[in-house]
Asker: 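Here's a structure for you.
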Amino acid sequence: MKKVTVELGERSYPIEIGTNMCFSDSFADRIGKITGNESVLIVTDSFVKPSAEKLAALLKRKVAVKGIHVFPEGEQSKNFATVERICRKAAKLHLDRKSFFLAVGGGVTGDLTGFAAAIYMRGARFIQIPTSLLAMADSSVGGKTAADLPEGINLIGAFLQPQAVFIDPAFLDTIKSFNISLGFAEILKIAATFDADFFGLLEKNAFTLSGRKDPALFEEVLQRACRLKADVVAKDEKESSLRAMLNFGHTFGHALEKLDGFDRMYHGFGVSCGMYMACRLAEELGLQEHRDTVRLANALYKYNLPVYFPARFGAKDVYKAMLSDKKAAGGKLKFILPCGIGKGKIVEGIPKETVLAAMEKARSGYEKILP
Ligand SMILES: NC(=O)c1ccc[n+]([C@@H]2O[C@H](COP(=O)([O-])OP(=O)(O)OC[C@H]3O[C@@H](n4cnc5c(N)ncnc54)[C@H](O)[C@@H]3O)[C@@H](O)[C@H]2O)c1
Ligand SMILES: [Zn+2]
């Protein structure tokens with residue numbers, strides 16, 4: 001079993017990583033130690049339900065599991081109505097402030113469950129058991145919870161750190177393969193931004209990792225991704241500066257998602273194209289050499305991620321969509337730009353023409369290197 005601690009003083013918590021950990025006999029004891037005699041509500045989505053039910057049956061021996069709330073899978077469920085249903089289920093089951101909400105699912109489940117826990121009786125507790133790669137490597141760590149509004153994604157939410165995160169890659173056995181690529185978009189993002197050595201490992205082992213052929217290596221990758229994120233969160237929990245670096249590729253990516261409709265363009269695919277666009281912008285500003293852009297593009301390609309700025313989007317439309325994003329504070333665009341692999345910086349005040357020129361360059365321009 002591998003472990004990472006998110007250091008936040010009294011609110012510090014462990015992230016434990018182990019293949020088949022969640023279905024071992026000792027897991028009910030581990031959760032029982034955290035929850036004691038308090039009530040637990042499991043929250044999951046319709047795709048993850050079979051795994052969550054299996055887990056519930058195992059936990060019941062040592063944990064006061066009062067019920068399971070299942071919502072229809074997908075980003076379209078990530079709204080206030082689902083949060084309300086989770087809270088009402090908790091109320092019907094007589095959960096109180098000391099009770100636990102246990103999220104078993106992808107990023108949507110984790111964000112919704114955390115949000116419900118944050119507002120139920122002004123704040124209950126929650127535990128994350130992420131089941132998608134994106135949730136394992138990124139969204140289950142750091143305490144951001146959210147739901148979407150028709151006006152935009154993640155517009156409502158709260159900060160609530162979980163009590164613990166348990167990552168079992170065995171859950172991925174039932175997931176669609178493109179979801180593995182979506183998770184690697186975020187893993188490549190954090191490595192490209194903070195850790196050149198980690199990026200090298202991902203680059204070198206793309207075939208083994210995307211096929212989950214080496215469980216120990218896969219766990220190491222999850223541990224390294226979580227450790228990087230945990231360090232950032234420990235230094236800047238509420239995103240006043242450093243945490244914004246985790247948005248590499250996201251300024252462009254969110255705009256692509258918005259223009260395409262969030263049910264059509266998956267977040268990881270938007271971020272992947274967005275990272276390449278950010279690389280081309282960094283080149284325009286003299287921050288990065290083209291060979292580093294090619295390195296990142298090749299790594300994305302090896303994990304079956306899209307690279308080029310898709311032809312169906314107009315650069316001016318993307319620019320407009322970026323300006324309407326919630327992160328464009330005061331109408332100012334903020335870009336996280338790479339300065340070579342493993343380094344990045346936040347840049348504001350880039351002339352519109354420079355951004356548009358970089359976007360056009362991102363429509364082509366790297367030499368594919370096959371795995
Ligand atoms: N809180 C954060 O810091 C943070 C960070 C990044 C992303 N997010 C959020 O995370 C969400 C994206 O996460 P996601 O890609 O995990 O979305 P998701 O929860 O919708 O999961 C993707 C799909 O995989 C399915 N799935 C998950 N685990 C499975 C399993 N083990 N077996 C079979 N199917 C499974 C889900 O049912 C869904 O269809 C977005 O809403 C995004 O805003 C949050
Ligand atoms: Zn992301």
Side-chain angles (χ1 to χ4, degrees), residues 1-8 11-36 38-45 47-65 68-69 99-114 116-117 124-145 160-175 179 183 186-187 212 215-216 218-230 233:
M1 199 260 288
K2 295 185 167 63
K3 196 174 162 184
V4 174
T5 304
V6 184
E7 303 282 358
L8 285 167
R11 291 175 300 120
S12 295
Y13 58 94
I15 302 165
E16 295 178 9
I17 304 160
T19 308
N20 295 317
M21 166 180 75
C22 290
F23 296 98
S24 68
D25 287 340
S26 56
F27 191 63
D29 295 312
R30 180 73 188 93
I31 297 287
K33 261 195 197 131
I34 299 172
T35 58
E38 305 303 339
S39 300
V40 175
L41 171 63
I42 295 178
V43 180
T44 193
D45 75 18
F47 279 8
V48 187
K49 185 179 170 218
S51 300
E53 283 176 340
K54 203 170 137 197
L55 185 68
L58 187 146
L59 291 180
K60 271 181 181 157
R61 282 186 250 144
K62 296 285 168 73
V63 178
V65 177
I68 305 186
H69 181 82
S99 304
F100 287 81
F101 290 64
L102 178 60
V104 183
V108 168
T109 306
D111 280 13
L112 286 171
T113 310
R125 295 183 279 185
F126 94 117
I127 295 173
Q128 293 258 30
I129 301 188
T131 65
S132 72
L133 184 58
L134 185 143
M136 292 178 187
D138 187 355
S139 66
S140 66
V141 176
K144 275 192 186 176
T145 77
L160 178 68
Q161 298 296 340
Q163 302 292 310
V165 182
F166 297 98
I167 300 178
D168 183 346
F171 279 108
L172 297 174
D173 291 349
T174 54
I175 208 161
N179 270 301
E186 300 283 8
I187 297 174
R212 294 176 47 230
F218 199 83
E219 286 175 16
E220 184 192 330
V221 163
L222 287 170
Q223 185 185 30
R224 289 181 77 161
C226 289
R227 191 183 291 137
L228 286 170
K229 183 154 182 192
V233 171

Asker: Any side-chain heavy-atom pair from T131 and T174 closer than 4.5 angstrom?
Answerer: no
Asker: Between atom CD of E219 and atom CE of M21, what is the distance when rounded to the nearest 0.5 Å?
Answerer: 8.5 Å
Asker: Looking at every heavy atom in both G142 and Y13, which two are closest together, and how far apart are they?
Answerer: N-OH, 3.1 Å
Asker: To the nearest 0.5 Å, what is the distance between CD1 (I175) and CG (L133)?
Answerer: 8.0 Å
Asker: Would you mind reporting whether F100 and I31 have side-chain heavy atoms less than 4.5 Å apart?
Answerer: no
Asker: Got a sec, which residues hit side-chain contact (heavy atoms from CB on, under 4.5 Å) with D45, two or more places apart in sequence or on another chain?
Answerer: F47, V48, F71, E73, T109
Asker: Under a 4.5 Å cut-off applied to non-hydrogen side-chain atoms, are R125 and E38 in contact?
Answerer: yes
Asker: How long is the straight-line distance from OG1 of T5 back to CD1 of I15, given to the nearest 0.5 Å?
Answerer: 8.0 Å
Asker: Could you check whether any side-chain N or O of Q161 sits under 3.5 Å from a backbone N or O of G143, counting only pairs where one atom can act as donor and the other as acceptor?
Answerer: yes
Asker: Main chain of A135, side chain of S140: is a donor-acceptor contact present, judged purely on distance under 3.5 Å?
Answerer: yes
Asker: Among all residues two or more places apart in sequence or in another chain, which pass the salt bridge (Lys or Arg N to Asp or Glu O under 4.0 Å) test with D138?
Answerer: K189, K229
Asker: Below 4.5 Å, heavy atoms only, C-beta onward: do Q128 and F126 meet side chain to side chain?
Answerer: yes
Asker: Determine the minimum heavy-atom distance between T44 and V104, stating which atoms define it.
Answerer: OG1-O, 2.7 Å
Asker: For P50, what residues pass the side-chain contact (heavy atoms from CB on, under 4.5 Å) criterion, not counting sequence neighbours?
Answerer: none
Asker: Show me the donor-acceptor pairs, under 3.5 Å and distance only, between side chains in residues 53-65 and residues at least two apart or in other chains.
Answerer:
residue, atom, partner, partner atom, Å
K62, NZ, D29, OD1, 2.6

Asker: Using the side-chain contact (heavy atoms from CB on, under 4.5 Å) criterion, which residues pair with R227? Sequence neighbours excluded.
Answerer: V4, Q223, D231
Asker: G107 and S132: which non-hydrogen atoms are nearest, and at how many Å?
Answerer: N-OG, 4.0 Å
Asker: Say you draw a straight line from OG of S139 to CD of E186; how long is it, rounded to the nearest 0.5 Å?
Answerer: 8.5 Å
Asker: Quick one: does N179's side chain get under 4.5 Å of L134's, heavy atoms only?
Answerer: no
Asker: So how far is it from S12 OG to E7 CD, rounded to the nearest 0.5 Å?
Answerer: 5.0 Å
Asker: Is there a side-chain contact between V43 and L112 in this structure, where contact means two heavy atoms from C-beta onward sitting under 4.5 Å apart?
Answerer: no
Asker: Looking at T19 and P169, would you say the former's side chain and the latter's main chain have a donor-acceptor pair under 3.5 Å?
Answerer: no
Asker: Taking all non-hydrogen atoms of both residues into account, name the closest pair between I68 and A52 and its distance.
Answerer: CD1-O, 4.2 Å
Asker: So which atom in C22 and which in I129 form the shortest heavy-atom distance, rounded to 0.1 Å?
Answerer: SG-CG2, 4.1 Å
Asker: Crowded around K2 NZ? As in, over 12 foreign heavy atoms under 6.0 Å?
Answerer: yes
Asker: Nearest heavy-atom pair of I17 and L222: which atoms, and what distance?
Answerer: CD1-C, 4.0 Å
Asker: Could you tell me which residues satisfy side-chain contact (heavy atoms from CB on, under 4.5 Å) with R212, sequence neighbours excluded, listed by chain and number?
Answerer: L172, D173, I180, F218
Asker: Would you say F166 and E16 make side-chain contact, with heavy atoms under 4.5 Å?
Answerer: yes
Asker: Do V165 and P130 come within less than 4.5 Å of each other through their side chains, counting heavy atoms only?
Answerer: yes
